[in-house]
Structures are given as structure tokens and as C-alpha cells.
Amino acid sequence: MNRLAGVTSPYSLQHADNPVDWWPWTPEAFEGARRRDVPVLLSGGYSACHWWQWMNTTGYF
């Protein structure tokens, strides 16, 4: 489980069981990125993309 388990967004909840360290859009997400000096990568709605759906069902081991 990642940090999306407690969100209310139906889109975000689709990815709450992904083995990816997803963060919701919160000040804590940006503060964590600043503290670790890493970029923030945004999901652009991959659940509608065929290849991302394929990866979601076959790519997480």
C-alpha cells in the first residue's frame, strides 16, 4: 500500500495498491521532495492509456 490509500479521488484510489511510492498532491509531498532534493514527477492520467494499463497488470512483480 502507498500513500494514496486515504485519499478521496476515484482516480487516485485506482492506484492505491500499486507498488509505487505515489504521493497525493499535498504540501507534504513537495516538502519531502525538497528535503530529499528529488524532482516531483506528475501522473498525467495513465489509467486511460493502453500501455500503462498493460504495465499495471503485467509489470508489477
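Quick note: numbers below take in every heavy atom, side chains included, and nothing from hydrogens, waters or symmetry partners.
Using a 4.5 Å heavy-atom cutoff, the side chains of Val20 and His15 are not in contact. The side-chain heavy atoms of Phe30 and Trp23, taken from C-beta on, include no pair separated by under 4.5 Å. When side chains are defined from C-beta on, Leu4 does not count as touching Leu13, because their heavy atoms never get closer than 4.5 Å.
What you find for Pro24 and Ala29 is that their closest heavy atoms are O-CB, 3.5 Å.
Judged as a side-chain hydrogen bond (donor to acceptor under 3.5 Å, both in side chains), and not counting sequence neighbours, Glu31 has no contacts. Looking at residues two or more places apart in sequence or on another chain, you find no side chain to side chain contact (heavy atoms under 4.5 Å, CB included) involving Asp37.
Residue Ser12 holds its OG atom at 11.5 Å from CH2 of Trp25, rounded to the nearest 0.5 Å.
Judged by distance alone, the side chain of Asn2 and the main-chain N or O of Asn18 form a donor-acceptor pair under 3.5 Å.
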